[in-house]
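Just so it is clear, the model here is predicted, and its values are computed rather than measured. Numbering of ligands and ligand atoms starts at 1, following listing order.
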Amino acid sequence: MISYEITETEFDKISKFVYDQVGIHLALHKINLVRGRLSKRLRHFGFNSFTEYYEYLLDDDTGEELLMLTNEISTNVTSFFREPSQWEYLEKELKRVELNDKTKKIRVWSAACSSGQEPYTIAMFLLNNLKSPSSWDIKILATDISEEILLKAASGIYSSEEVKGLPKNMIAKYFDRVKIPHKEGIDFEYKIKSIVKDMITFRKFNLVHSSYTFIKQHTFNWVFCRNVMIYFDATTKNKVVLNLVDKVKKDGHFFIGHSESLVTMNKSDIKMQAPSIYKKI
Ligand SMILES: C[S@@+](CC[C@H](N)C(=O)[O-])C[C@H]1O[C@@H](n2cnc3c(N)ncnc32)[C@H](O)[C@@H]1O
């Protein structure tokens with residue numbers, strides 16, 4: 001297999017392009033990671049150098065290659081009911097919403113939804129915890145930069161491994177089990193039921209570059225922006241958080257990942273309730 005070399009100049013050009021387009025900050029110590037991950041793209045096109053690849057990236061008006069590149073250097077890792085303390089917090093918060101919200105509307109944004117486990121968790125959580133879910137008008141917006149991952153999310157099909165962490169009664173209630181032939185016998189896959197799926201709209205959205213104006217201010221009860229800001233530098237993170245918080249309703253909540261932090265930010269609009277949980281004030 002050909003091994004490609006990358007010069008610092010080539011790396012700087014690619015990392016600047018990625019930063020400008022997607023907000024992902026690739027520091028120089030990531031040079032080997034980038035070389036390793038992107039070598040398969042060079043091989044795919046039959047390019048001989050990272051310069052040829054960079055030129056192709058610049059010329060690609062479809063943005064497809066930028067997506068492929070983003071998928072290679074970022075991770076889509078996710079799971080159902082990730083960050084358990086947030087769901088415990090939300091059980092109490094949902095009771096407050098049920099008591100006080102006369103609009104009978106719940107709006108939620110899963111802003112880097114990956115393969116869908118996050119928005120489906122939100123939907124299942126609401127169906128399971130609201131006293132009378134059918135009397136609420138619920139809409140969940142689920143967005144991600146990657147079209148490929150959104151296709152998987154919208155299919156709502158998961159392997160036995162992927163649903164393993166879910167309680168058995170939830171799997172029975174919200175998934176159809178489908179038999180699939182397998183080399184060593186029979187395996188199953190799990191297809192999310194339409195009662196859950198119909199609550200969600202999937203849409204491509206780049207947190208760094210897309211325009212936020214298609215959503216009105218103060219729209220959402222909850223915005224989840226979890227485990228994506230790890231890729232952003234402070235400036236990008238500030239911009240993204242301000243844009244997202246602007247869309248949260250008063251007394252609504254903003255959630256980040258546990259390994260993320262907003263300590264360096266000016267947080268006049270939000271107040272920390274617990275690590276990774278913020279309330280709009
Ligand atoms: C690690 S996953 C997090 C999934 C989920 N939020 C969670 O916490 O389990 C990160 C996701 O962020 C997406 N992503 C990366 N950069 C993005 C950007 N600029 N705008 C929107 N999504 C982005 C990736 O495609 C990936 O699906």
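Near L207, the atoms of ligand 1 lying under 4.0 angstrom from a non-hydrogen atom of the residue are 18 (C), 19 (N), 20 (N), 21 (C). Ligand 1 places these atoms under 4.0 Å from at least one heavy atom of V22: 19 (N). Ligand-side atoms of ligand 1 in range of V208: 19 (N), range being under 4.0 angstrom from any heavy atom. Taking every heavy atom of T78 and a limit of under 4.0 angstrom, the matching atoms of ligand 1 come to 4 (C), 5 (C), 7 (C), 9 (O). Those atoms of ligand 1 with a heavy atom of S114 less than 4.0 angstrom away are 4 (C), 27 (O). Near R226, meaning under 4.0 Å from one of its heavy atoms, ligand 1 places the atoms 3 (C), 5 (C), 6 (N), 7 (C), 8 (O).
Which of N206, D144, T70 comes nearest to atom 27 (O) of ligand 1 through a heavy atom is settled by distance: it is D144.
The nearest heavy-atom contact from the protein to atom 23 (C) of ligand 1 is I145 CG2, 3.4 Å. In terms of protein heavy-atom proximity, atom 7 (C) of ligand 1 is closest to R82 NH1, 3.2 Å. Closest to atom 15 (C) of ligand 1 among all protein heavy atoms lies V228 CG2, 3.7 Å. When only non-hydrogen protein atoms are considered, atom 21 (C) of ligand 1 lies nearest to F205 O, 3.3 Å. Nearest protein heavy-atom neighbour of atom 8 (O) of ligand 1: N227 ND2, 2.7 Å. The protein heavy atom nearest to atom 2 (S) of ligand 1 is T75 O, 3.4 Å. In terms of protein heavy atoms, atom 4 (C) of ligand 1 is closest to A112 O, 3.2 Å. When hydrogens are left out, the protein atom nearest atom 26 (C) of ligand 1 is N76 ND2, 3.2 Å; that is the closest non-hydrogen contact.
Y174 and N128 form a side-chain donor-acceptor contact under 3.5 Å, judged by distance and modelled atom types alone. One side chain, T236 or Y19, offers a donor N or O that lies under 3.5 Å from an acceptor on the other. A donor-acceptor pair shorter than 3.5 Å can be found between the side chains of S110 and E118. Residues S159 and E162 have side chains that bring a donor and an acceptor to within less than 3.5 angstrom of each other.
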Step by step, work out the salt bridge (Lys or Arg N to Asp or Glu O under 4.0 Å) result for R203 and D144.
-> CA-CA 7 Å; R203 184 175 168 151; D144 199 280; over 6 Å; no
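Across all their heavy atoms, N129 and E91 have their closest contact at OD1-CG, 3.9 Å.
Atom-to-atom distance recorded for I215:CD1 and F205:CZ is 6.0 Å, nearest 0.5 angstrom. Summarising the geometry, atom CG belonging to N48 is positioned 5.0 Å from atom CD belonging to E52; distances are rounded to the nearest 0.5 Å. Annotation: the span from S276 atom OG to I256 atom CD1 amounts to 6.0 Å, rounded to 0.5 Å.
Salt bridge absent: K16 and D12 never bring a charged side-chain N and a carboxylate O closer than 4.0 Å.
In F224, neither the side chain nor the backbone holds a heavy atom less than 4.0 Å from any atom of ligand 1. Residue contacts with ligand 1, taken as heavy atom pairs separated by less than 4.0 Å, involve E118 solely via side-chain atoms from C-beta onward. Residue-level proximity to ligand 1 for V77 is carried by the backbone, the only part with a heavy atom below 4.0 angstrom.
Geometrically, R226 does not engage F255 in a cation-pi contact defined by less than 6.0 Å to the ring centre and at most 45° from the axis.
When the shell of 6.0 Å around NZ of K164 is examined, it contains 12 or fewer heavy atoms from other residues, nucleotides or ligands.
Geometrically, ligand 1 and C113 share no nitrogen or oxygen pair separated by less than 3.5 Å.
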